[in-house]
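Because the structure is a prediction, the values reported are computed rather than measured.
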Amino acid sequence: MIIDIIAGARPNFIKIAPIIKAIEQSAQDGKNISYRLVHTGQHYDKNMSGSFFEELEIPTPTVNFDAGSGTQAEQTGAIMFGYEKLLLNKKSDLCLVVGDVTSTMACAIVARKTQIPVAHVEAGIRSNDWSMPEEINRIVTDSITNYFFTTTISASNNLRKQGVSSKQIHFVGNVMIDTLNRLRGQFIQPQIWRDAALTKQNYILLTLHRPANVDQEFLLRDYINEILKSSNGLPVIFPVHPRTSKILKKLNIVSPQLYITEPLSYLEFNYLAENAKVVITDSGGITEETTVMKVPCITLRNNTERPETVEIGTNELIGTNPNKLKGYLDKVFKNKWKEGSIPEKWDGNAARRIVDILLKIKYN
Ligand code: UD1
């Protein structure tokens, strides 16, 4: 049985690493399972892609479509074209996609049109916010998926509400947490730790990359100014995604408290996340990681497709009004933040569960 594992953007790499390890383990145990690693090239910089392959010990991809940057349609088209060519040359038995990025949706469509079943890892989560490209990717992908692997019971329920049969839904837990648990003892102190003379629980970690937050200069400027004003004098460490970087350069904000860095590697970023007083973000994946590491997290969005990080974990969704930040940051500084607990099956064994199910499928 040959499985195509699709990865294109930074969060995908974190999710496929444990699945590949579990497949390799099964193959070593004599099971009939192998894979082709398909890199779409949606992310291509060393610090958005290469460093993740090295640190997470992901093998060299079988193919790379080098789809690169572009509009949503340009990216989707380039990825679909690349994957179709691969499948026309040699079919696989299953296409496994993870998450909600453009590569996820593009390859799922090509697979189904080539009569190859699709497995979606992290299926069923919904923000109900149609302005996000990721929500469209999720809905399109789940509308053509055959095997749904979910991180939470609420994601499984979302799928049932949309008419997916319970037989197709497998609640397996969270592969992002498989990676986190495996590497937690190996996080690496980044250079910025020394440059900014950081100490544990004495800085704020900031990440922002959603178009809704960073494509409007005034909003990005107001967020940063408000965080600096309400930061209780702590340094603010801001590893900047390439999308944000373009806009940030125009703003030219200078403050002795603000430390702007390139995107960090997985092990470096999570070193900073684990030891931060608070993380402020608009990422979804980071809210899952901070929940497991029990670090206070403030999300600058109006909705989340990961409600458990708020209901069970350490995350608070505060909307997109910068004026709201002060009240929440004060709560952190007064040590009144909720402690949170870890959602069911976020235990480091999700990939194993997925591969055990994949082994039972009867492929044509
Ligand atoms: C994508 C995902 C988003 C995910 C994020 C993580 C979609 C729709 N969005 O958003 O869900 O949270 O990845 O990082 O798939 N760029 C580089 N180098 C790179 C990659 C990108 O310079 O290696 C720049 C390019 O100018 C590009 C821009 O970043 O145009 C945005 O990249 P893109 O892949 O379109 O979306 P992201 O914002 O990264």
Within one Ile-Leu-Val-Met-Phe-Trp-Tyr cluster: Ile224 and Ile237, side-chain cutoff 4.5 Å: no

Lys338 atom NZ, neighbour heavy-atom count above 12 within 6.0 Å: yes

Co-members of the apolar cluster containing Leu159 [side chain, <4.5 Å]: Phe148, Val164, Ile169

Those residues at least two apart in sequence (or on a different chain) that pass salt bridge (charged side-chain N to carboxylate O under 4.0 Å, His left out) with Arg126 are Asp142

Determine whether Ser51 and Glu268 make a side-chain contact, defined as any pair of heavy atoms from C-beta on separated by less than 4.5 Å. no

For residues 106-117, which side-chain N or O atoms pair as donor and acceptor with protein atoms under 3.5 Å away, sequence neighbours left out?
from, atom 1, to, atom 2, distance (Å)
Arg112, NH1, Ile144, O, 2.8
Arg112, NH1, Asn146, OD1, 3.2
Thr114, OG1, Val110, O, 2.5

Are Trp193 and Asn275 packed together at the side-chain level, in the sense that at least one heavy-atom pair is separated by less than 4.5 angstrom? yes

4.5 Å side-chain heavy-atom contact, Lys31 and Gln25: no

Are Phe53 and His39 an aromatic pair by the rule of ring centers under 6.0 Å? yes

For Asp4, enumerate each residue passing the salt bridge (charged side-chain N to carboxylate O under 4.0 Å, His left out) test, keeping only those at least two apart in sequence or located in another chain. Arg36

Verify whether one side chain among Thr299 and Asn315 offers a donor that lies under 3.5 Å from an acceptor in the other. yes

Other cluster members, Ile2 - Ile/Leu/Val/Met/Phe/Trp/Tyr, side-chain contacts below 4.5 Å: none

Could you walk me through whether Glu274 and Glu289 satisfy the side chain to side chain contact (heavy atoms under 4.5 Å, CB included) test, starting with their C-alpha distance in whole Å, then the side-chain angles of each, then the deciding distance to 0.1 Å, before giving a yes or no? CA-CA 9 Å; Glu274 187 174 36; Glu289 291 164 338; over 6 Å; no

Looking at Phe238, Tyr203, Tyr259, which hits side-chain contact (heavy atoms from CB on, under 4.5 Å) with Ile192? Tyr259

Just to verify, what does Phe149 make a ring-ring contact (aromatic ring centres under 6.0 Å, His included) with, not counting sequence neighbours? His170

Close side-chain approach of Trp346 to Glu288, heavy-atom, < 4.5 Å: yes

Is Ser34 close to Ile23 at the side-chain level, that is, under 4.5 Å between some pair of heavy atoms? no

What I'd like to find out is whether the side chain of Thr150 reaches to under 4.5 Å of the side chain of Asn158, using heavy atoms alone. no

